[in-house]
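All values below come from the heavy atoms of this structure, side chains included, with hydrogens, waters and symmetry mates left out.
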Amino acid sequence: MTYGVDIRDTVSEAGSRRTTGLLAEQLEGLRPVLGAFSVAGFPDYRGGVEALVAYAESGAAVLEVGAPTVDPWLDGGAIAAAHRCAIRAGAGVETTLATVQQVSALSGKPVIVMSYWATVESYGLDYAKEVQMSHP
């Protein structure tokens with residue numbers, strides 16, 4: 001449910017317009033849409049990209065990439081453990097952006113970044129623009 005927000009009006013870059021257009025088509029179709037989530041860099045960069053592409057190939061219409069954070073206080077135990085594993089391996093914003101770029105290019109599916117505000121705040125104002133530009 002989008003609560004009256006028209007996602008097609010939220011971005012202006014051509015690649016992001018394509019992604020939000022695909023997502024809007026799915027939502028407007030009033031049919032169930034399968035989404036899949038994984039933390040960027042879990043269990044490692046390559047494995048994370050391969051898992052998300054496999055989700056897409058198995059029918060996921062929307063892919064969510066979680067930006068690794070040191071304090072995933074809103075997530076349950078399994079996802080928090082994935083965050084900790086990714087952080088220990090050195091994953092961060094750059095890994096998230098690379099994952100979005102690879103998964104979007106390989107799957108052709110909409111990729112959404114899920115992030116805690118602390119990550120956005122620490123990275124700076126360019127975070128959203130960097131995420132947007134990571135879509136091919």
Donor-acceptor pairs under 3.5 angstrom involving side-chain atoms of residues 54-62: please list them, not counting sequence neighbours.
residue: Ser58; atom: OG; partner: Ala54; partner atom: O; Å: 2.9

Would you give me the side-chain donor-acceptor pairs under 3.5 Å for residues 66-90, sequence neighbours excluded?
residue: Asp75; atom: OD2; partner: His83; partner atom: NE2; Å: 3.3
residue: Asp75; atom: OD2; partner: Tyr116; partner atom: OH; Å: 2.9
residue: His83; atom: ND1; partner: Thr69; partner atom: N; Å: 3.2

>> Please check this pair: side chain of Ser104 against backbone of Gln101, looking for a donor-acceptor N/O pair closer than 3.5 Å.
In response: no

> Of all heavy-atom pairs between Ala40 and Thr99, which one has the smallest distance, and what is that distance?
Replying inline: CB-OG1, 3.9 Å

> What heavy-atom pair brings Leu52 and Leu63 nearest, and what distance separates the two atoms?
Replying inline: O-CD2, 3.7 Å

> Which distance, rounded to the nearest 0.5 Å, do you find between the OG of Ser107 and the CD of Gln102?
Replying inline: 10.5 Å

